[in-house]
Amino acid sequence: MSLKQLLATVIFAAAMPAMAYTPLSTHMHTPWAEEVTPENARPEYPRPIMERPRWMNLNGLWQYAITDKGTHRPSEFQGDILVPYPVESDLSGVGKRVGENKELWYTREFTVPQAWGKDQIMLNFGAVDWKTDVWVNGIKVGTHTGGFTPFSFNITDALNKKGANTITVKVWDPTDRGTQPRGKQVENPNGIWYTPVTGIWQTVWLEPVSKAHIASLRTLPDIDSNTLSVTALTEGVAPDASITTSVVVKDNGKVVAQGKSINNQTVEIEMPDNVKLWSPDAPNLYDMEITLTQNGQTVDKVNSYAAMRKFSTVTDDKGLVRLALNNKPIFQFGPLDQGWWPDGLYTAPTHEAMVYDLDKTKELGYNMLRKHIKVEPATWHGTLTATATALSYGRTCPRATWNMNGRCATTIKAWSLNAQLKAKPITARNGKR
């Protein structure tokens with residue numbers, strides 16, 4: 001499904017009244033900053049690895065407050081903030097620091113579409129930095145720690161039967177005063193150290209699912225045996241239910257392989273003899289349709305993709321160990337990518353800005369990026385594959401493990417992140433974004 005098609009099916013939450021929004025101008029802005037509005041704040045589908053057609057984007061204007069750590073929910077909020085831009089950024093419209101002794105609160109209203117009345121409703125966060133507590137209609141629905149990873153809560157039982165619902169989010173982030181992974185954030189930016197990022201910095205969205213549904217996917221290509229293994233991890237399945245997982249693999253709309261499994265087993269698929277391998281020069285991707293049936297009834301269906309590729313090491317004729325892609329040595333050439341934006345900090349101002357950044361990297365002749373102690377959104381990984389660029393990751397590093405030279409003592413080496421190379425670009429098959 002293309003970005004245009006996805007945007008055509010998304011429901012934009014419009015429960016909050018229209019308000020004036022003006023980004024700050026305290027820092028340098030990219031050309032895309034002027035395109036950011038509350039109506040189009042990162043509208044693209046946020047999880048291209050597992051697409052569902054129905055979803056509600058909760059990005060846009062929320063209300064915010066900064067309070068002393070440990071205090072109750074504020075009775076009044078201090079103003080508007082544009083989600084998903086960090087509170088310290090110009091694009092948030094706030095531009096304030098929070099710090100270890102304060103907490104950041106968000107709130108907004110939303111209304112669940114009537115057509116979703118029989119579904120379970122999942123509240124999804126792309127990433128929030130760092131410790132997050134969430135309430136819906138005053139009912140605690142979940143807690144999460146970690147500033148780079150997505151998380152979800154089933155909020156069905158907390159929803160009002162009719163009318164508007166209120167979501168409240170509280171965030172605490174000690175930045176470099178704690179031992180949590182925080183990348184290059186410090187309270188006092190200088191030299192190679194950057195501005196703190198606190199709170200929501202990736203898309204927030206709702207989606208309806210059946211009680212029994214696919215929670216996540218694990219896809220493993222094996223080019224040596226020419227097979228593709230797909231595991232659908234499920235939730236809400238009845239203990240005595242008969243479960244079938246079906247996978248259909250397509251190449252430009254044509255079915256080229258398929259497989260099934262029961263009892264929550266991995267689906268093992270034999271790929272065609274003329275399988276197309278992924279490489280920076282030929283970024284071939286296969287579309288997948290994964291269907292979950294319970295007692296003969298379809299309960300969930302998601303779209304995904306796969307890249308047939310293999311990362312390994314080989315020894316050359318001089319006895320040197322080389323990184324190999326698809327069993328052939330590959331020389332990786334690319335920059336150290338910090339992943340920061342002057343106007344949005346961790347968050348790119350628009351999807352187009354992110355695409356431009358990666359396209360230019362490829363145009364400069366690079367075939368690799370070393371992402372430096374930051375985990376990017378799923379849409380970034382999709383765009384990465386669109387540019388056919390390999391990826392190395394410098395791991396996020398807790399403050400406690402930095403040595404005298406300012407390097408992450410536990411993770412000086414970067415490693416190839418195979419799983420993320422599967423990510424699909426949010427593009428049409430003709431390459432148009």
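What you are looking at is a predicted structure, and each value in this text was computed from that prediction instead of being measured. All heavy atoms count here, side chains included; hydrogens, waters and symmetry mates do not.
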### Task
Before giving the answer on side chain to side chain contact (heavy atoms under 4.5 Å, CB included), spell out for Asp119 and Glu207 the whole-Å C-alpha distance, their side-chain angles and the decisive distance to 0.1 Å.
CA-CA 9 Å; Asp119 295 296; Glu207 64 178 343; over 6 Å; no
### Message
side-chain hydrogen bond (donor to acceptor under 3.5 Å, both in side chains) for Asp224 and Asn327? Distances and angles first, verdict last.
### Response
CA-CA 9 Å; Asp224 297 320; Asn327 294 323; 3.0 Å; yes
### Task
Mind checking side-chain hydrogen bond (donor to acceptor under 3.5 Å, both in side chains) for Asp133 and listing every partner two or more places apart, or none if nothing turns up?
Lys131, Lys140, Thr143
### Message
If the condition is ring pair (Phe, Tyr, Trp, His ring centres under 6.0 Å), which residues does Trp135 pass it with, not counting sequence neighbours?
### Response
Trp105
Per-pair distances, 0.1 Å, donor-acceptor, side chain in residues 238-249, under 3.5 Å, sequence neighbours excluded:
none

### Message
Checking the side chain of Lys374 only, and the main-chain atoms of Arg182 only, is there a donor and an acceptor separated by less than 3.5 Å?
### Response
no
### Query
If you measure from CG on Asp357 to CH2 on Trp380, what distance do you get to the nearest 0.5 Å?
9.0 Å
### Message
Please tell me whether Asn367 and Asp281 have a donor and an acceptor in their side chains that are separated by less than 3.5 angstrom.
### Response
no
### Message
Which heavy atom of Leu82 sits nearest to which heavy atom of Ala41, and what is that distance?
### Response
CD1-CB, 4.1 Å
### Task
For the pair Asp337 and Arg370, find out whether any cationic side-chain nitrogen is under 4.0 Å from an anionic carboxylate oxygen.
no
### Query
What residues, two or more places apart in sequence or in another chain, satisfy salt bridge (charged side-chain N to carboxylate O under 4.0 Å, His left out) together with Glu270?
none
### Query
Heavy atoms, side chains only, cut-off 4.5 Å: are Pro189 and Pro196 in contact?
yes
## Note on the structure
Distance col, row Met308:CE vs Asn326:CG, nearest 0.5 angstrom, shows 9.0 Å
### Query
Do any N or O atoms from the side chain of Asn59 and from the backbone of Val204 form a donor-acceptor pair under 3.5 angstrom?
yes
### Task
Give, for atom CG of Asn226 and atom CG of Asp222, the distance between the pair rounded to the nearest 0.5 Å.
8.5 Å
### Message
Test of understanding: with side-chain hydrogen bond (donor to acceptor under 3.5 Å, both in side chains), list the residues that count as partners of Asp129, not counting sequence neighbours.
### Response
Gln185
### Query
Is a donor on one side and an acceptor on the other found under 3.5 Å between the side chain of Asn263 and the backbone of Gln265?
no
### Message
Counting neighbours of OH on Tyr356 that are heavy atoms of other residues, nucleotides or ligands and sit closer than 6.0 Å, is the number greater than 12?
### Response
no
### Cation-pi check, Lys184 onto Trp340 ring (under 6.0 Å, within 45° of axis)
no
### Query
Would you say the side-chain atoms of Asn57 pair up with the backbone N or O of Trp55, donor to acceptor, closer than 3.5 Å?
no
### Query
How long is the gap from CZ on Arg218 to CD1 on Ile49, to the nearest 0.5 Å?
13.0 Å
### Query
What heavy-atom pair brings Gly147 and Trp201 nearest, and what distance separates the two atoms?
O-NE1, 2.8 Å
### Query
So, does Thr168 use its side chain to make a donor-acceptor pair with the main chain of Thr107 at under 3.5 Å?
no
### Task
Any chance you could lay out the side chain to side chain contact (heavy atoms under 4.5 Å, CB included) test for Met288 and Lys250, step after step, and finish with the verdict?
CA-CA 6 Å; Met288 295 194 299; Lys250 296 182 178 182; over 6 Å; no
### Task
Kindly say whether Ala348 contributes a backbone atom to a donor-acceptor pair with the side chain of Arg42 at under 3.5 angstrom?
yes
### Query
What pair of heavy atoms forms the shortest contact from Ser216 to Met50, and how long is it?
CA-SD, 3.9 Å
### Query
With Tyr64, which residues qualify under ring pair (Phe, Tyr, Trp, His ring centres under 6.0 Å), at least two apart?
none
### Query
Out of curiosity, Tyr305 OH to Trp278 CH2, how far, rounded to the nearest 0.5 Å?
12.5 Å
### Task
List in chain and number order the residues that pass side chain to side chain contact (heavy atoms under 4.5 Å, CB included) with Leu24, two or more places apart in sequence or in another chain; answer none if no residue qualifies.
Thr26, Asp90
### Query
Going by heavy atoms in the side chains, are Met122 and Ile155 under 4.5 Å from each other?
no
### Query
Parallel under 30°, tilted from 30 to 60°, perpendicular over 60°: which one fits the rings of Trp62 and Tyr106?
perpendicular
### Query
Are Asn154 and Gln120 close enough that a side-chain donor and a side-chain acceptor fall under 3.5 Å?
yes
### Task
Sequence neighbours left out, what passes side chain to side chain contact (heavy atoms under 4.5 Å, CB included) with Ala353? Give chain and number order.
Trp32, Trp341, Pro349, Thr350
### Closest heavy-atom pair and its distance - Lys102, Trp172
O-CD1, 3.3 Å
### Query
For Glu100, does the CD atom have more than 12 heavy-atom neighbours from other residues, nucleotides or ligands under 6.0 Å away?
yes
### Task
Return each pair, listed once, that meets salt bridge (Lys or Arg N to Asp or Glu O under 4.0 Å) where at least one residue sits in residues 311-326; pairs must be two or more places apart or across chains.
Asp316-Arg322
#### Entry: Side chain Thr347, main chain Tyr85, donor-acceptor under 3.5 Å
no
### Message
Restricting to salt bridge (charged side-chain N to carboxylate O under 4.0 Å, His left out), what partner residues turn up for Glu88, sequence neighbours left out?
### Response
none
#### Entry: Results of side-chain hydrogen bond (donor to acceptor under 3.5 Å, both in side chains) for Thr227 - residues two or more places apart only
Ser225
### Task
Look only at the side chain of Ser89 and the backbone of Ser92, and say whether a donor-acceptor pair between them is shorter than 3.5 Å.
yes
### Task
Would you indicate whether Leu336, at its atom CG, is surrounded by more than 12 heavy atoms from other residues, nucleotides or ligands within a distance under 6.0 Å?
yes
### Query
With sequence neighbours left out, what residues match Thr149 under side-chain hydrogen bond (donor to acceptor under 3.5 Å, both in side chains)?
His144
#### Entry: Nearest-0.5 Å distance, OG1 of residue Thr175 to CZ of residue Arg97
8.5 Å
### Message
Tell me the closest heavy-atom pair linking Gln202 and Ile200, and the distance in Å.
### Response
O-CG2, 3.3 Å
#### Entry: Trace of the side chain to side chain contact (heavy atoms under 4.5 Å, CB included) decision for Leu206 with Phe110
CA-CA 10 Å; Leu206 299 174; Phe110 65 91; 3.6 Å; yes
#### Entry: Smallest separation among heavy atoms of Leu325 and Pro280, with atom names
CD2-CD, 3.4 Å
### Message
Less than 4.5 Å apart, side chain to side chain, heavy atoms only: is that true for Arg52 and Ile214?
### Response
yes
### Task
Classify the side-chain pair Thr30/Asp343 by whether it contains a donor and acceptor separated by less than 3.5 Å.
yes
### Task
Give the intermediate values and the outcome of side chain to side chain contact (heavy atoms under 4.5 Å, CB included) for residues Thr231 and Val267.
CA-CA 6 Å; Thr231 304; Val267 181; over 6 Å; no
### Message
Does any part of the side chain of Phe125, heavy atoms only, come nearer than 4.5 Å to the side chain of Ser152, both counted from C-beta?
### Response
no
#### Entry: Under 3.5 Å donor-acceptor, Asn264 side chain and Leu233 backbone
no
### Query
Got a donor-acceptor contact below 3.5 angstrom from the His213 side chain to the Ser210 backbone?
yes
